[in-house]
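This structure is a prediction, so every number in the text was calculated from the model and none was measured.
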Amino acid sequence: MEDQEDWDAHASFMTALEKEGFVVLGGPLEGTRDVLLIVRARTSDEIVDRLSADPWAGTDVLRVSRVTPWNLRLGSL
């Protein structure tokens with residue numbers, strides 16, 4: 001992943017989202033090109049809007065393929 005164009009800008013963007021508490025967990029899904037992000041947001045639109053500012057969004061490296069609400073029922077974050 002680190003060899004992709006604009007990696008540093010993308011990594012900085014995602015780190016900032018994590019530091020502010022929007023992104024809670026994130027990482028690549030093994031054996032795929034997909035990444036799973038667990039975020040704190042009120043709506044699906046908020047997620048799409050926030051991620052659209054990622055430097056990779058304009059180059060189609062980052063695409064939101066699905067937003068699914070999740071209720072944590074076991075453990076804690």
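Smallest separation of non-hydrogen atoms from Leu51 and Leu62: O-CD2, 4.0 Å. Scanning both residues, Ser44 and Val67, for their nearest heavy atoms gives OG-CG1, 3.4 Å. Residues Phe13 and Pro55 share a closest heavy-atom pair of CB-CD, 3.8 Å. In plain terms, the two heavy atoms of Ala41 and Ile47 that are nearest each other are CB-CG1, 3.5 Å. What you find for Leu29 and Thr32 is that their closest heavy atoms are O-OG1, 2.8 Å. Of all the heavy atoms in Ser52 and Asp49, the pair that sits closest is OG-O, 2.6 Å.
Side-chain contact between Val39 and Leu17 is absent, with no heavy atoms from C-beta onward closer than 4.5 Å. Side-chain atoms of His10 and Val61, non-hydrogen and from C-beta on, never get closer than 4.5 Å to each other.
Using cut-offs of 30° and 60° on the angle between ring planes, the pair Trp56 and Trp7 is tilted.
Within the 3.5 Å criterion, the main-chain N or O of Ser12 finds no donor-acceptor partner in the side chain of Thr15.
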Legend entry - Derivation of the side-chain contact (heavy atoms from CB on, under 4.5 Å) call for Met14 and Lys19: CA-CA 9 Å; Met14 294 305 286; Lys19 285 184 178 181; over 6 Å; no
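We find the CZ-CG distance between Arg63 and Asp54 to be 13.0 Å, quoted to the nearest 0.5 Å. Asp34 contributes atom CG, which lies 9.0 Å from atom CZ of Arg66 (distance to the nearest 0.5 angstrom).
Cation-pi check for Arg40 over Phe22 is not met; the charged atom does not lie both under 6.0 angstrom from the ring centroid and within 45 degrees of its normal.
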